[in-house]
Amino acid sequence: VQAATLPAVGHVEVREVPDPSLAEDEDAIVRVTKSAICGSDLHVYHGHFGEFAPTYPIGHEYVGVVEAVGGRVGDLHAGMRVAGSFFAACGVCGFCRRGRFSLCRDVKVFGFGPRFGELPGTQAEYVRVPKAAVNLLPLPDEVSDVQGLFLGDALTTAAFGVRRAEVAPGMNVAVVGLGPVGLLAVMVALAAGAARVLAFDLVPERLRQAEALGAVPVLADAAAVKAARSLLGEQGVDAVVEAVGRRESLHLAFQLAGGFATVASLGVFVEPEIPLFLARGFAKGTTLRVGMANIQAEWQWVRDLVAVGRLHPERLVSHTLPLSAASEGYRLFAERQATKVVLEVG
Ligand SMILES: [Zn+2]
Ligand SMILES: [Zn+2]
């Protein structure tokens, strides 16, 4: 099968790789119809997760059709249209049994290489999905393939952040970082009844996109906190979603938090330590939450909101390319010329 691979850091190449096959009773083989490029794929692209074998497929956001199933996959059957979680959880460990799939003792991320379980990625014509009943989500006719593509990671991650920030109707919400996940968090916060969503970034084009989705754009420069204060007055920010994962963005999120606000951070932090001014957090009663999205616990309600037309993640797609042009897609995304790149696989 054809798949996007990473024979060298910063160099994506589509080539023939071995066919995936059913290895366990709980596996499914999915014929991938579309796979997207995610911000965390750039960690792979830039070599942050080490070097990969030349025939190892990369990518982790996908939608497709079940091609074949093992004997123990619940209600799944060949021909079903499905979205897949970006990571595979085992479904049976203590964490999975309590619905904490992102903490699974045997968690594996598709396309992230040997450090993350060596599960072959999804920017490929076919992919093997372990524990398929846990890690695949059936799609109703109302959810298009492009919409489904957002359910296994970006949109559900944003929704997880909005829930973890305890956004409630009437609240003032801040979203820091307007990559795809940040823009989707704007969308979800508004759907959740936020009164105002302030959207922070340094890139003017991203601010324009957030504004088009209904947010109030604010340049994330040294005057950002002041600007928020003058926009919101005494009430301030009730909930913050941080969608970058760097020192500067976490500091801004922490400063923006008003009294008893919750900051939910979705960014993938690679810095070992980030100092925080906790005396300020103490004075404001700030709650800080970090962590990887618990996709399989959240994606049903997110899918249902998409199905009834309350969320439109497809509005973020800026480029649609064939799988054979994956290298170009990564380049566009890495150079920030694209908001969201969709690879048409089959
Ligand atoms: Zn991702
Ligand atoms: Zn588990």
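Atoms within a ligand are numbered from 1 in the order they appear, just like the ligands themselves.
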_Any side-chain heavy-atom pair of Tyr330 and Gln123 under 4.5 Å_ = yes
_Hydrophobic cluster identity match, Phe86 and Tyr126, side-chain contacts under 4.5 Å_ = no
*For residues Tyr62 and Phe110, establish whether the separation of their ring centroids is below 6.0 Å.*
yes
*Angle subtended at the Zn ion (ligand 2) by SG of Cys96 and SG of Cys93, nearest 10°*: 110°
*Counting N and O atoms only, with roles assigned by atom type, does the side chain of Lys284 sit under 3.5 Å from a partner on the main chain of Ala257, one being a donor and the other an acceptor?*
yes
*Can you give the angle Cys104 SG - the Zn ion (ligand 2) - Cys90 SG, rounded to 10°?*
100°
*Side-chain heavy atoms under 4.5 angstrom apart, residues restricted to Ile, Leu, Val, Met, Phe, Trp, Tyr: same cluster for Phe116 and Leu6?*
yes
*Could you count the protein N, O or S atoms found under 2.8 Å away from the Zn ion (ligand 1)?*
3
*Side-chain contact test, heavy atoms from C-beta onward, threshold under 4.5 Å: evaluate it for Val69 versus His77 and give yes or no.*
no
*asked:* Name the residue from Arg310, Glu314, Arg315 that meets the side-chain hydrogen bond (donor to acceptor under 3.5 Å, both in side chains) definition with His312.
replied: Glu314
